[in-house]
Trainee: 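What follows is a structure written as structure tokens; I'll ask about it next.
A, B, ... follow the sequence lines: proteins, then strands. Residue 1 opens every chain.
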There are 2 protein chains.
Amino acid sequence: MYMQRDVFQAIADPTRREIIDLLAGQSLPVKDVASNFEMSRPAVSKHLKILDECGLVVIRKKGRKRLYRSDPRKLQEVAEWTARYRRFWSQKLDALEAALAEEDNQNE
Amino acid sequence: MYMQRDVFQAIADPTRREIIDLLAGQSLPVKDVASNFEMSRPAVSKHLKILDECGLVVIRKKGRKRLYRSDPRKLQEVAEWTARYRRFWSQKLDALEAALAEEDNQNE
DNA sequence: TAAATTAGTAACCATGCGGTTACGTAAATA
DNA sequence: TATTTACGTAACCGCATGGTTACTAATTTA
């Protein structure tokens, strides 16, 4: 894992999105996170490391345990990017098709 | 490119996000899309293919040109997922830190 | 009709990704 | 103190990813 990650890449993996969902509202040690998935604990550990590098989780040491919890604030970047296109699904009139029809009329 | 793609994966690549931005509000042939990036036309063609497979662009044939345009409606899925965490950045009181402090008080 | 333009795709390549097992270490427990 | 538990990480592996160049086909233009 050498690449510089951003939040968009972090949430591209469905397992990591599930982890974020799982750890929203509760702190869990790695072992308990891993028990929710059909993969080895080290695999989950790697996903948690990526989420940590992106600032999407917070960690608190508790004895030999590491308590992970979601910190979804960085998701704001994603939310803001998608929000720019909100009108495309929130408008009653289908904006895209209307625009395309307009282009066709202009024989673009 | 054999994998089944979802929207989250499609927007993980920064070039593809730029293409979506570029093609929002205007239709462009592949050549003109490619001229906006420092990579070959076939590379851009591949990105466009992925975006098409995810339904994030629409294509209209116009002679030997293919006019691409963004269809951002599928981004709603992403917007809805992030919206579940909106309170983490929209609240004045930092919800996460408050929750963590509460946990610590309980000596969890 | 011949040449140029536009675009898709095949073949290839280096690197990244997501998983595994094996191992080391720190902390808790018997 | 010896053992067990929790965790991180190194090493490895197969496949995906994202780029390239070379080629082909379709359409437009000279």
Trainee: Compare the minimum distances between each of dT20(C), dA6(D), dG18(C) and the side chain of Lys65(A), then state the nucleotide with the smallest one.
Mentor: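 Looking only at heavy atoms from C-beta outward on Lys65(A), the closest nucleotide is dA6(D).
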
Trainee: Would you kindly give the CD1-to-P distance between Ile59(A) and dA6(D), to the nearest whole Å?
Mentor: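 Distance check: Ile59(A) CD1 to dA6(D) P gives 18 Å.
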
Trainee: Whole angstrom is fine here: how far is it from NZ in Lys46(A) over to C1' in dC7(D)?
Mentor: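 Answer to the nearest Å: 14 Å.
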
Trainee: To the nearest angstrom, how far is Arg66(A) atom CZ from dT5(D) atom P?
Mentor: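 Interatomic distance, CZ of Arg66(A) to P of dT5(D): 18 Å.
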
Trainee: So, is Gln9(B) close to the dT17(D) phosphate, meaning a side-chain N or O under 4.0 Å from OP1 or OP2?
Mentor: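 Yes, such a contact exists.
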
Trainee: Measure across Ile11(A) and Arg17(A) and return the closest heavy-atom pair with its distance rounded to 0.1 Å.
Mentor: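 Heavy atoms of Ile11(A) and Arg17(A) come nearest at O-NH1, 2.6 Å.
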
Trainee: Determine: side-chain N/O of Ser45(A) to OP1/OP2 of dC7(D), distance under 4.0 Å, yes or no.
Mentor: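 No, Ser45(A) has no side-chain N/O under 4.0 Å of OP1/OP2 on dC7(D).
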
Trainee: Any side-chain N or O of Ser40(A) less than 4.0 Å from the OP1 or OP2 oxygen of dG19(C)?
Mentor: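 Indeed not, no polar side-chain atom of Ser40(A) lies that close.
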
Trainee: For the side chain of Arg5(B), counting heavy atoms from C-beta on, which of dG8(C), dT9(C), dG18(D) is nearest?
Mentor: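 From the listed options, dG18(D) comes nearest.
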
Trainee: Just the rounded figure in Å: distance from C1' of dT9(D) to NZ of Lys49(A).
Mentor: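 In whole Å, dT9(D) C1' lies 7 Å from Lys49(A) NZ.
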
Trainee: Donor-acceptor pair under 3.5 Å: do we get one between Arg41(A)'s side chain and the base of dA6(D)?
Mentor: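 Flag unset: no donor-acceptor pair detected.
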
Trainee: How are the rings of Trp81(B) and Tyr85(B) set to each other: parallel, tilted or perpendicular (split at 30° and 60°)?
Mentor: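 It falls in the perpendicular class, over 60°.
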
Trainee: Is the phosphate of dG8(C) approached by Arg64(B) (side-chain N or O, under 4.0 Å from OP1 or OP2)?
Mentor: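 For dG8(C), OP1/OP2 do not have a side-chain N/O of Arg64(B) under 4.0 Å.
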
Trainee: How many Å lie between CD on Glu38(B) and C1' on dT20(D), as a whole number?
Mentor: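 Interatomic distance, CD of Glu38(B) to C1' of dT20(D): 15 Å.
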
Trainee: On the nucleotide dG19(C), are OP1 or OP2 found under 4.0 Å from the side-chain N or O atoms that His47(A) carries?
Mentor: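 Looking at the OP1 and OP2 atoms of dG19(C), one of them is under 4.0 Å from a side-chain N or O of His47(A).
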
Trainee: Give a yes/no on whether any side-chain N or O of Tyr68(B) is located under 4.0 angstrom from OP1 or OP2 of dG8(C).
Mentor: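 For Tyr68(B), the contact criterion (side-chain N or O under 4.0 Å from OP1 or OP2 of dG8(C)) is met.
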
Trainee: Can you list everything that forms a side-chain contact (heavy atoms from CB on, under 4.5 Å) with Asn36(B)? Sequence neighbours excluded, please.
Mentor: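 Counting only residues at least two positions away or on another chain, Asn36(B) forms a side-chain contact (heavy atoms from CB on, under 4.5 Å) with Leu22(B).
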
Trainee: What is the distance, to the nearest angstrom, from the CG atom on Asp32(A) to the P atom on dT5(D)?
Mentor: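 In whole Å, dT5(D) P and Asp32(A) CG are 14 Å from each other.
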
Trainee: Roughly, in whole Å, what's the span from CZ in Arg60(A) to C1' in dA6(D)?
Mentor: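 The distance from CZ of Arg60(A) to C1' of dA6(D) comes to 17 Å, rounded to the nearest Å.
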
Trainee: What's the verdict on side-chain contact (heavy atoms from CB on, under 4.5 Å) for Phe88(B) and Arg86(B), showing C-alpha distance, side-chain angles and the deciding distance?
Mentor: CA-CA 5 Å; Phe88(B) 282 99; Arg86(B) 170 165 297 278; over 6 Å; no

Trainee: In whole angstrom, what separates Lys61(B)'s NZ from dA26(D)'s P?
Mentor: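 Taking NZ of Lys61(B) and P of dA26(D), I get 9 Å after rounding.
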
Trainee: Can you name the closest pair of heavy atoms from Ala24(B) and Ser70(B) and give their distance?
Mentor: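 Heavy atoms of Ala24(B) and Ser70(B) come nearest at N-OG, 3.5 Å.
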
Trainee: If you assign each of Thr15(A) and Lys31(B) to its closest nucleotide in DNA chain C, which residue comes earlier from the 5' end?
Mentor: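 Looking at DNA chain C, the more 5' nearest nucleotide goes with Lys31(B).
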
Trainee: What's the closest nucleotide to the side chain of Pro42(B) if the choices are dA7(C), dT20(D), dG19(D)?
Mentor: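 That would be dT20(D).
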
